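Each chain gets a letter, A, B and so on, in the order the sequences are listed, and its residues count up from 1. The analysis underlying the following values was restricted to heavy atoms, covering all of them including side chains, and did not include hydrogens, waters or symmetry mates. Since we're looking at a predicted model, the values are computed, not measured.
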Amino acid sequence: MELSPRFNFNEVDEKWSKFWVENNFFHAHVDPAKKPYAVVIPPPNVTGILHMGHALNNTLQDIMIRYKRMRGFETLWMPGTDHAGIATQNVVERQLSKEGKTRHDVGRDEMLRRLWDWKKQYGDTIINQLKKLGASCDWERTRFTMDEEYSKAVRSVFVRLYEKGLIYQGEYIINWCPRCQTALSDEEAEHRDLQGNLYYLRYPIKGEENAFITVATTRPETMLGDTAVAVNPKDKRYKKYIDKTLTLPLVDREIKVIADEFVDSKFGTGAVKVTPAHDPNDFAMGKRHKLEFVNIMHPNGVLNERAGDFEGMDRFEAREAVIEELSELKLLEKIEPHTHAVGHCYRCHTVVEPYLSKQWFVRMEPLAKPALEAVRKGKIKFYPSLWTKVYLNWMENIRDWCISRQIWWGHRIPVWYCVGDGQCKLACKEPIVSATVPEKCPHCGSGNLKQDEDVLDTWFSSWLWPFATFGWPFEDKANKPAREELAYFYPTASLFTAPEIIFFWVARMIMAGFEFMGDIPFSDVYIHGTVRDAKGRKMSKSLGNAIDPLEIIREYGADALRFSLIINSGQDLFISKEKFEIGRNFANKVWNASRLILMRVSHSSADFDLAKVDRRALDLPSRWIISRFYVTLEKVGAAVDRYRFSEAESLIYEFFWSNFCDWYLETIKDRWADENVPKVALGVLENSFKMMHPFMPFVTEELWDKISKGKGALCIQGWPAFSRKLLDKEAEKDMEALRGVVSAVRTVRTQWNITSGQTISCCFIVRTRKDAALLEANLVMIKNMARLESVTVGQTLAKVKNAATALVGGIKCVIPLGGVIDVDKEKKRILDQAGEQQRLLEGLEKRLGNKEFVKKAPAEVVAKEKERSAALQAKVRELKQVIASLE
RNA sequence: GGACGAAUAGCUCAGCUGGUUAGAGCACUUGAUUUACAUUCAAGGGGUCGAAGGUUCAAAUCCUUCUUCGUCCACCA
């Protein structure tokens, strides 16, 4: 069979991703004979296009899922997308604005129609891209957070929590995005340090000439909504002013000086302006002191009628204007530069406004309790474990969750208000909370009901993902199979996500799991690093530093993308395009090694069972490579089990490239006619495909298909079985010795600048029969690997003039070089070597002479050191003799 | 302000429970190639393991302090 000299991933990738899906290999079902292993995908936004973060996240999941599938688990990888309320609405609003319209121009129904159209047209984009990556999801189950069934779960959860008293409505200061014109949760407001100013404003004291209290603020425009000035009751400077009346400049409102412990006397002037409607702390103070709440702003950030002359100005415009006017009135004392953290909308990056409005909230403390316990007691484990503390710290200080959003794309809040038809009584003011559309008001019977305008936070649906994707709460009683599936696969096994998602999603899923399923949603949480550019900046479209994974797939192949990402994924990844060469080169190496074997080996050799072969019939390199394979297999499995994916790949890389290709395949080059050699080569290759498949599914499936046709698809093969008996310690040790000998000869070759045209011979001088036998048995291999013309093995120290020498273990290589050798140079080299060994020996002997060491160190350490010392002594002796022979 | 992490070759990092002469990839130098692969092979140079103390027979590894970076959280107006 002919293979091209390059791995043409372009011809291969699509073929297999189609093949896997068409053959339904990834469809999971209840199988009592198998253990379940389920992972739910972090649902990407429907607006999403695959970026490096997705590529990393999904490759990790795919490795684990493919690995577990091969290990005999019934694996389910549940895919789907998230409706991403604000993000999606923003996308469609941008389309609208190209037509010169806003969502309010077209109205809610038309806007929703457009949103669904958009979803139908583009919503599968990222799903298709995940298929290109090789993700082995159960695609039949692909869910969307706004599927009808899923939406039922969301409404049901709202009603349940409301009935439990865990959902309430109230007027509070929330994070408001004036551009999106919606409330945001605390997590959705991203704090960034901004260079701003601290403005010192003077508020005149009523009835006193030229007397002021100076307050400091970063947002001077909010002074228009001030309803008090607060000082610390212990602050001696201000004691006399407490309860005095001030005149609020520009709006001429009379406000009181109040005393509140919250005020930090050391900051600013020690006196704080209090704006209860525009600042969370002031809001609390306002409640404590029963102050008036003056809202000076429209939802779009433009000042309203309460702002007097400033009405109609944007908040930042007003800031300038207020300062200018106060300055003219000589009421601006000074301006100091001041850096402080300012919240930004996580979707559009507009500066968030603390804004007073009526919203729905979830009471989190009761939900957090079991979720905290589960992690504290280790029922849920984080990998790496350091994230445990981050999680616990947040959960211990959890605050209520604002879940209403003033947008249209999402799950509409299942609350209705009785508008009444004349006969309405007081009771009808109670909202009607119902999972289904109520027909009439339960109090007055009126059918004139109006649903709450708001929708729910996107995360209020995604926190149900691990069970709502199965069809929970199964209101359709006939849906028995789905119930069984949930019972079988829940709790799921592992969750793979990025650190910034811990609060948004992971913590909330754990809470929902306990609240609605009475159990953890998953037992392991693997937190992977962030993908950054070579300079360490986050990859982002706006920075223009993003590398498109699809471009890498086109140019280097999906396996190259996957392999390169994972081998760099120990912590945060610093990625540039060249980083993907390692994966491309490795996939190509796998391809070419297979090509070599295919060119020499007939397919009948494929039935060779590595695990059952009689080792005694094999040559040393074959025994060695089989043992190396099993050592690697065991370590790779252990690494994946511990979520150490980059380590697993390094092991594979080292084994396949440095051991199998560079040594084994090289040693057998002239021995394809031997009985066992082709079988071992093919056997190791086939088993390597299995071991490598979770990491590089495409190239391995392609090669498996070429080499092992008839055994079925590689992706559903069993993981090679391991047992200690398959290891061959002796072969490993012997082969290491011979590799050292070969390397030593090669070094001498390079050092003496011996080109390939020149043939040299080597004499090995050994002390033990065992070494002699080892060399004799492998002379051909050594000759080939070290490119030697002739080799002899002797047991006496030959006195050879003009010879380069090298010592490996107990074996001395003597290479007569005739005229090429510069005796002085060689002498110096040997002397240097001897000096170094001597130093090592002295250090060792000092340690061995230390009674404490001999007494306290573990016996095997002492034994090892003694052995080493003996070997070093022999070596030093040898080197001295070599020098003598050069005299 | 709090919490957590990192510092090892020019660069990116591994080094897990203290125990051979601290490793890998990239980059660099030199050489090889009618041979499966130049997306290759071989050989080499390059390290006071951030600093200072301490514990120990033994420290890159454990402890303390410091320095420098990073991440997350937080209402200092």
Side-chain angles (χ1 to χ4, degrees), chain A residues 3 5-7 173 186 191 198 215-219 222 230 262-264 266-269 271-275 279-284 338 340-341 354 384 386-387 389-390 393-394 397 499-500 502-503 530 534 536 556 560 567-568 570-576 578-579 581-600 642 644 646-647 650 653-654 658 661-662 665-666 669 742-743 746-751 753-757 785-787 836-837 839-840 843-844 847 850-858 860-862 864-865 867-869 871-872:
Chain A
L3 293 190
R6 288 270 188 288
F7 168 45
I173 297 271
D186 292 333
H191 289 270
L198 197 54
V215 296
T217 178
T218 53
R219 293 186 297 151
T222 61
F262 166 78
V263 179
D264 177 1
K266 288 184 214 88
F267 188 87
T269 60
V272 190
K273 61 191 273 307
V274 183
T275 323
D279 183 278
N281 300 312
D282 297 6
F283 175 81
H338 179 74
H340 60 139
L386 68 102
W387 296 106
K389 275 187 186 168
V390 176
N393 187 44
W394 187 75
N397 299 295
E500 63 265 27
I502 294 175
F503 308 135
T530 307
Y556 295 84
I567 205 160
N568 282 295
Q571 35 181 260
D572 277 6
L573 297 85
F574 297 83
I575 293 296
S576 58
E578 303 83 67
K579 289 262 161 112
E581 286 171 8
I582 189 170
R584 178 198 59 180
N585 295 357
F586 187 52
N588 190 55
K589 191 72 182 177
V590 172
W591 179 264
N592 270 295
S594 310
R595 187 169 161 238
L596 170 69
I597 293 168
L598 262 186
M599 283 163 69
R600 308 294 159 96
R642 289 188 299 157
R644 299 181 73 119
S646 63
E647 186 180 309
S650 302
Y653 187 87
E654 159 85 11
S658 310
C661 293
D662 290 347
L665 293 183
E666 291 299 327
K669 269 198 165 159
V742 169
S743 285
R746 284 167 170 177
T747 304
V748 168
R749 222 176 215 299
T750 306
Q751 293 227 333
N753 219 351
I754 300 154
T755 57
S756 61
M785 295 298 281
R787 295 164 163 282
E836 205 187 313
Q837 304 292 324
R839 272 193 298 281
L840 279 173
L844 246 146
R847 197 179 313 172
N850 186 331
K851 280 177 195 157
E852 294 290 304
F853 170 72
V854 180
K855 205 161 59 185
K856 290 183 184 167
E860 67 263 30
V861 173
V862 178
K864 255 186 192 172
E865 298 280 62
E867 215 173 283
R868 221 182 112 215
S869 169
L872 267 176

### Distance, rounded to the nearest Å, where Lys851(A) contributes NZ and C57(B) contributes P
15 Å
### Query
U40(B) pairs with which nucleotide, Watson-Crick or G-U wobble, both distances below 3.5 Å?
A32(B)
### Pairing of Lys864(A) and Glu867(A) as salt bridge, 4.0 angstrom limit
no
### Query
Are any of Lys589(A)'s side-chain N or O atoms less than 4.0 Å away from OP1 or OP2 of C41(B)?
yes
### Message
Mind checking if His340(A) touches a base, just sugar-phosphate, or nothing, with heavy atoms under 4.0 Å?
### Response
sugar-phosphate
### Query
For G23(B), what is the paired nucleotide under Watson-Crick or G-U wobble rules, both distances under 3.5 Å?
C13(B)
### Summary
As its Watson-Crick or G-U partner within any shown strand, both distances under 3.5 Å, A7(B) has U67(B)
### Message
Can you tell me whether the side chain of Asn281(A) and the base of C75(B) have a donor-acceptor pair closer than 3.5 Å?
### Response
yes
### Whole angstrom value for the distance that separates C1' of G31(B) from CG of Asn753(A)
7 Å
### Query
Under 4.0 angstrom, heavy atoms only, what part of the nucleic acid is Arg746(A) near: base, sugar-phosphate, or nothing?
sugar-phosphate
## Note on the structure
Closest heavy-atom pair, Asp282(A) versus Lys273(A), reported as atoms and distance to 0.1 Å, is OD2-O, 3.3 Å
### Task
Choose from C73(B), A36(B), A77(B) the nucleotide whose nearest atom is closest to any side-chain atom of Thr218(A).
A77(B)
### Query
Side-chain N or O of Arg749(A) less than 4.0 angstrom from OP1 or OP2 on G31(B)?
no
### Message
Side chain of Phe503(A) only, heavy atoms from C-beta on: which candidate in A32(B), U56(B), C72(B) is closest?
### Response
C72(B)
### Sugar-phosphate only, base, or nothing, as touched by Asn393(A) at under 4.0 Å among non-hydrogen atoms
nothing
### Task
Report yes or no: does Asn592(A) contribute a side-chain atom to a donor-acceptor pair with the main-chain N or O of Asn588(A) at less than 3.5 Å?
yes
### Summary
Against the side chain of Val861(A), the closest entry in A32(B), A77(B), G19(B) is G19(B)
### Query
Which atom names give the shortest non-hydrogen contact between Arg6(A) and Trp591(A), and what distance separates them?
O-NE1, 3.3 Å
### Message
Any side-chain N or O of Thr747(A) below 4.0 angstrom from OP1/OP2 of A42(B)?
### Response
no
### Query
Contact class for Asp662(A) vs. all strands (heavy atom < 4.0 Å): base, sugar-phosphate, or nothing?
sugar-phosphate
### Message
Using a distance-only criterion (donor-acceptor N/O pair, under 3.5 Å, no hydrogens), is the base of C16(B) paired with the side chain of Arg642(A)?
### Response
yes
### Task
Remember a base hit wins even if backbone is also touched, and classify Pro499(A) as base, sugar-phosphate or nothing at under 4.0 Å, heavy atoms.
nothing
### Task
For Ser743(A), report the nucleic acid contact type (base, sugar-phosphate, nothing); a contact means any heavy atom under 4.0 Å.
sugar-phosphate
### Task
Have a look at Lys864(A) and say if it touches a base, only the backbone sugar-phosphate, or nothing, with a 4.0 Å heavy-atom cut-off.
nothing
### Message
Side chain of Leu665(A), heavy atoms from C-beta onward: which of A36(B), U39(B), C57(B) has the nearest atom to it?
### Response
A36(B)
### Query
Between Val748(A) and Ile754(A), which heavy-atom pair has the shortest distance, and what is it?
O-CD1, 4.4 Å
#### Entry: Nucleotide of G19(B), A77(B), G25(B) approaching Ala857(A) most closely (side-chain heavy atoms)
G19(B)
### Query
Between G46(B) and G19(B), how far is it from one P atom to the other, in whole Å?
25 Å
### Query
His338(A) side chain N/O closer than 4.0 Å to the phosphate oxygens (OP1, OP2) of C76(B)?
no
### Query
How does protein contact run along nucleotides 4-14 of chain B, one letter per nucleotide 5' to 3', with B for base contact, S for sugar-phosphate only, - for none, heavy atoms under 4.0 Å?
S-------SSS
#### Entry: Among A36(B), G19(B), A77(B), the nucleotide that comes nearest once only the side chain of Glu666(A) is considered
A36(B)
### Message
Whether Arg600(A) contacts A36(B) is assessed here as follows: a side-chain N or O lying under 4.0 Å from the phosphate OP1 or OP2. Is that the case?
### Response
yes
### Message
Under 4.0 Å, heavy atoms only, any strand: does Val215(A) hit a base, just the sugar-phosphate, or nothing?
### Response
nothing
#### Entry: Integer angstrom distance from the C1' of G1(B) to that of A74(B)
8 Å
